[in-house]
Amino acid sequence: MIPGIDYTAISISYMCHDGHGNYVFAKRGKNCRDEWGCWDNGGGRLEFGDRVEERLAKEIKEEYCADIISSEFLGYRDVHREHDGKPTHWVALMFKVLVDRSQVKIGEPHKFDDIGWFTLDNLPSPLHSQVETTIEKFKERL
């Protein structure tokens with residue numbers, strides 16, 4: 001069974017920041033599932049048996065090589081889109097996460113082509129299809 005296609009899947013999604021209004025985004029490479037060349041805020045699938053906070057820490061360590069200083073649960077989003085022509089449904093648990101900027105680097109070079117820090121009013125382009133909706137929904141808390 002395929003997550004998000006054969007059943008509603010859960011993702012852990014995050015906006016990592018440095019405490020000074022800067023957020024880290026990674027540019028998706030050809031080994032990512034989709035949206036190659038787009039800048040993404042980060043996330044990963046919640047696996048059966050995972051604890052949410054442990055998966056959050058694991059994903060940030062894997063993708064950005066950083067430890068969590070603090071985190072805040074922002075809420076959830078229903079994510080409906082298409083993948084390979086099939087409708088998908090994910091529920092994204094969204095977090096705002098403070099990290100040490102000096103730790104942040106590409107932890108998965110096979111998946112990401114670049115990494116950078118941006119303010120919410122000066123984001124890179126092109127963005128992953130879900131970034132703007134996420135920022136809009138949670139903008140008061142980012």
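All values derive from a computational prediction rather than experimental measurement.
Side-chain atoms of W36 come within 3.5 Å of backbone atoms of K30 as a donor-acceptor pair (strictly under, hydrogens ignored). Between the side chain of R28 and the main chain of D34, a donor-acceptor pair closer than 3.5 Å is present. For K137 (side chain) and G75 (main-chain N/O), no donor-acceptor pair under 3.5 Å exists by modelled atom type. In terms of modelled atom types and a separation under 3.5 Å, the side chain of D50 and the main chain of L46 share no donor-acceptor contact.
Separating the CD1 atom in I12 from the CD atom in E47 is a distance of 10.5 Å, to the nearest 0.5 Å. Note that NE2 of H128 is 10.5 Å distant from OG1 of T133, once rounded to the nearest 0.5 Å. Distance check, rounded to the nearest 0.5 Å: CZ of F112 to NZ of K27 gives 13.0 Å.
Side-chain contact between R101 and N22: present, with at least one pair of heavy atoms (C-beta onward) separated by less than 4.5 Å. For the pair C16/V104, no side-chain contact is recorded, criterion being any heavy-atom separation below 4.5 Å from C-beta on.
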Start with the C-alpha distance between H83 and T88, add both sets of side-chain angles, then the distance that settles side-chain hydrogen bond (donor to acceptor under 3.5 Å, both in side chains), and finish with yes or no.
CA-CA 7 Å; H83 180 66; T88 66; over 6 Å; no
The test is side-chain hydrogen bond (donor to acceptor under 3.5 Å, both in side chains); show your working for R81 and Q130 and say whether it passes.
CA-CA 9 Å; R81 55 189 201 135; Q130 300 304 304; 5.9 Å; no
Given M94 and S13, is the side-chain contact (heavy atoms from CB on, under 4.5 Å) satisfied, shown in steps?
CA-CA 5 Å; M94 192 69 212; S13 188; 3.5 Å; yes
Run N41 and T134 through side-chain hydrogen bond (donor to acceptor under 3.5 Å, both in side chains) and show every step you take.
CA-CA 10 Å; N41 53 275; T134 297; 5.2 Å; no
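Between E82 and K86, no side-chain nitrogen of the basic residue sits less than 4.0 Å from a carboxylate oxygen of the acidic one, so the salt-bridge criterion is not met.
Across every non-hydrogen atom of L98 and D18, the tightest pair is CD1-C, 3.5 Å. Across A9 and G4, no two heavy atoms sit closer than the pair CB-N, 3.4 Å. Closest heavy-atom contact between V79 and A92: CG2-CB, 4.1 Å.
Cation-pi check for K96 over Y23 is not met; the charged atom does not lie both under 6.0 angstrom from the ring centroid and within 45 degrees of its normal.
Heavy atoms from other residues, nucleotides or ligands lying under 6.0 Å from NZ of K58 number 12 at most. Annotation for R33: atom CZ counts as buried by contact number, over 12 foreign heavy atoms lying within 6.0 Å. Counted within 6.0 Å of CD on E132, heavy atoms from surrounding residues, nucleotides or ligands total 12 or fewer; the atom is thus considered open.
Cluster membership check: F138 shares its hydrophobic cluster with W39, using side-chain heavy-atom separations under 4.5 Å among Ile, Leu, Val, Met, Phe, Trp and Tyr. Linking Ile, Leu, Val, Met, Phe, Trp and Tyr residues whenever their side-chain heavy atoms come within less than 4.5 Å leaves Y64 and L123 in two separate clusters.
Applying the side-chain hydrogen bond (donor to acceptor under 3.5 Å, both in side chains) definition to pairs two or more places apart or across chains, none involves residues 105-117.
Centroid-to-centroid, the aromatic rings of F95 and F73 come within less than 6.0 Å.
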